[in-house]
Trainee: 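Input: one structure, supplied below.
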Amino acid sequence: MFKIATWNVNSLRVRLEHVRQWLAAEQPDVLALQETKLPDEAFPRQAIEEAGYQAAFAGQRTYNGVAVLSRRTGTPFADEIPGFRDPQRRVLAVRFGAVDVINLYVPNGSQVGSDKYAYKLEWLRALHAWIAELLQSGRHLLVLGDFNIAPEDRDVHDPLAWEGQVLVSPAERAALGKLIEAGLVDCFRLFEQADGCYSWWDYRARAFRRNHGVRIDLLLADRTLAKQCKTCRIDVGPRKLQQPSDHAPVIGEFALQGTDFALS
DNA sequence: ATGGTGGCGCGGCCA
């Protein structure tokens with residue numbers, strides 16, 4: 001079984017021990033991190049290697065920053081959306097055998113109608129072109145990360161209060177819908193899930209204790225890999241720790257049967 | 001409640 005997870009850690013420096021404890025407990029094959037908030041020269045490579053993982057990273061001071069931790073050594077092949085120049089480090093794609101793992105920290109968008117919102121939609125347009133091209137070329141994809149989009153109203157604790165806001169606006173959901181139409185599957189919804197499953201809760205107003213959350217951290221797979229997905233769940237455990245990230249990890253397990261998927 | 005909390009880095013931005 002191939003186990004892969006995504007986690008927005010909101011500063012890897014602050015959350016390093018949470019990450020190390022979680023790796024030891026869950027032992028995923030791959031962990032995609034977002035908001036590491038570290039320049040590459042400050043990446044805690046040694047601490048990650050001591051935990052038994054290789055690290056690829058595209059870092060940035062203060063904001064953004066992504067990393068892919070893995071038991072096996074992968075081949076990084078993109079740290080930007082091709083053709084979309086961006087000083088913000090939000091993308092890291094790593095090839096493991098026949099599977100391309102694409103780790104994303106989608107822009108938040110701030111407010112509907114703002115410059116940051118326009119940037120988010122442009123970013124998602126460029127992402128779609130890239131993903132569609134990879135799928136058409138027959139690559140197997142696992143696209144995961146903090147999408148900053150809640151796919152449906154059932155992914156939002158109070159859809160009426162959120163209506164029209166960033167994370168749920170129709171244009172953002174349409175952009176996610178285009179990724180799905182291109183040939184990706186939201187693995188979480190392949191399985192029966194309890195009501196009120198979320199992956200992010202605001203630090204403010206005791207939102208986690210009241211489960212006032214949204215599901216914006218996603219694991220998407222191409223249709224072939226999706227058929228081999230055996231589980232997908234959100235682990236709220238780390239959100240309960242002292243000084244937690246505001247996001248919880250999302251974990252998927254794949255059978256990866258067939259010679260295409262010999263991840264050697 | 002145009003607030004609230006947290007990270008970065010030391011004032012103000014970002015989420």
Side-chain angles (χ1 to χ4, degrees), chain A residues 6-22 31-44 47-48 57-67 86-92 103-124 127 144-151 155-169 171-173 175-176 198-218 234-250:
Chain A
T6 177
W7 191 5
N8 179 324
V9 290
N10 185 22
S11 169
L12 183 55
R13 204 190 308 270
V14 173
R15 238 64 69 186
L16 182 58
E17 284 315 304
H18 288 187
V19 169
R20 281 162 53 97
Q21 287 165 21
W22 195 80
L31 174 59
L33 301 175
Q34 304 86 37
E35 286 204 88
T36 56
K37 298 186 174 179
L38 290 169
D40 287 346
E41 60 269 24
F43 192 90
I48 297 301
F57 38 86
Q60 180 182 338
R61 168 191 169 91
T62 309
Y63 302 117
N64 310 311
V66 286
D86 190 353
Q88 301 187 32
R89 305 288 79 187
R90 299 179 172 277
V91 173
L92 187 55
N103 178 20
L104 302 177
Y105 176 43
V106 176
N108 172 281
S110 185
Q111 299 243 339
V112 173
S114 66
D115 288 350
K116 291 191 179 75
Y117 183 76
Y119 162 68
K120 180 179 194 174
L121 295 181
E122 285 299 310
W123 197 98
L124 288 165
L127 176 67
L144 74 173
D146 177 356
F147 281 73
N148 271 313
I149 303 171
D155 300 310
V156 181
H157 82 276
D158 186 349
L160 270 180
W162 277 84
E163 192 172 10
Q165 302 294 308
V166 75
L167 309 188
V168 308
S169 73
E172 293 167 73
R173 284 179 165 172
L176 179 61
Y198 309 121
S199 68
W200 174 80
W201 304 259
D202 201 298
Y203 283 122
R204 296 166 285 191
R206 308 194 318 280
F208 180 66
R209 281 199 282 170
R210 300 193 286 177
N211 197 29
H212 287 186
V214 292
R215 188 175 71 93
I216 56 176
D217 299 271
L218 307 179
I234 299 167
D235 181 7
V236 298
R239 189 62 176 81
K240 299 174 178 173
L241 299 173
Q242 293 279 330
Q243 202 177 10
S245 168
D246 44 353
H247 294 252
V250 181

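Given the structure is predicted, the values throughout are model-derived calculations rather than measurements. Each chain gets a letter, A, B and so on, in the order its sequence line appears, and its residues count up from 1.
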Trainee: Quick one: label A:Tyr105 by what it contacts on the DNA or RNA (base, sugar-phosphate, nothing), any heavy atom closer than 4.0 Å.
Mentor: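 Since only primed, P, OP1 and OP2 atoms lie under 4.0 Å of A:Tyr105, the category is sugar-phosphate.
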Trainee: According to the side chain to side chain donor-acceptor pair (under 3.5 Å) rule, which pairs have a member within residues 108-118 of chain A, sequence neighbours left out?
Mentor: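 Qualifying pairs: A:Tyr117-A:Ser169.
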Trainee: Show the numbers, then the answer: is there a side-chain contact (heavy atoms from CB on, under 4.5 Å) between A:Trp162 and A:His157?
Mentor: CA-CA 9 Å; A:Trp162 277 84; A:His157 82 276; 3.4 Å; yes
Trainee: Would you check if A:Tyr198 and A:His212 make a side-chain contact, meaning some heavy-atom pair closer than 4.5 Å?
Mentor: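 Counting from C-beta outward, A:Tyr198 and A:His212 never come under 4.5 Å.
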Trainee: Can you name the salt bridge (Lys or Arg N to Asp or Glu O under 4.0 Å) partners of A:Arg173, sequence neighbours left out?
Mentor: A:Asp153
Trainee: Taking any atom closer than 4.0 angstrom to a non-hydrogen atom of chain A, what span of DNA chain B does the protein reach, first nucleotide to last?
Mentor: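 Under 4.0 Å from chain A, the extent on DNA chain B is B:dG4 to B:dA15.
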Trainee: Could you check whether A:Trp200 and A:Asp146, counting side-chain N and O atoms only, form a donor-acceptor pair closer than 3.5 Å?
Mentor: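 Short answer, no.
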Trainee: Pick base, sugar-phosphate or nothing for A:Arg61, based on heavy-atom distances below 4.0 Å to the nucleic acid.
Mentor: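 Counting heavy atoms under 4.0 Å across all strands, the contact made by A:Arg61 is with sugar-phosphate only.
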Trainee: Using the P atom in both, what is the distance from B:dG9 to B:dT5, to the nearest Å?
Mentor: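 These two P atoms come out 22 Å apart once rounded.
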Trainee: When you match A:Gln88 and A:Asp202 each to their closest nucleotide on DNA chain B, which lands nearer the 5' end?
Mentor: A:Asp202
Trainee: Could you tell me how the ring of A:Trp201 sits relative to the ring of A:Phe208: parallel (under 30°), tilted (30 to 60°) or perpendicular (over 60°)?
Mentor: perpendicular
Trainee: Taking B:dA1 as the reference, what is the distance to B:dC13 when you measure between their C1' atoms (whole Å, please)?
Mentor: 22 Å
Trainee: On DNA chain B, compare the nucleotides closest to A:Arg90 and A:Val14; which residue's is nearer the 5' end?
Mentor: A:Val14
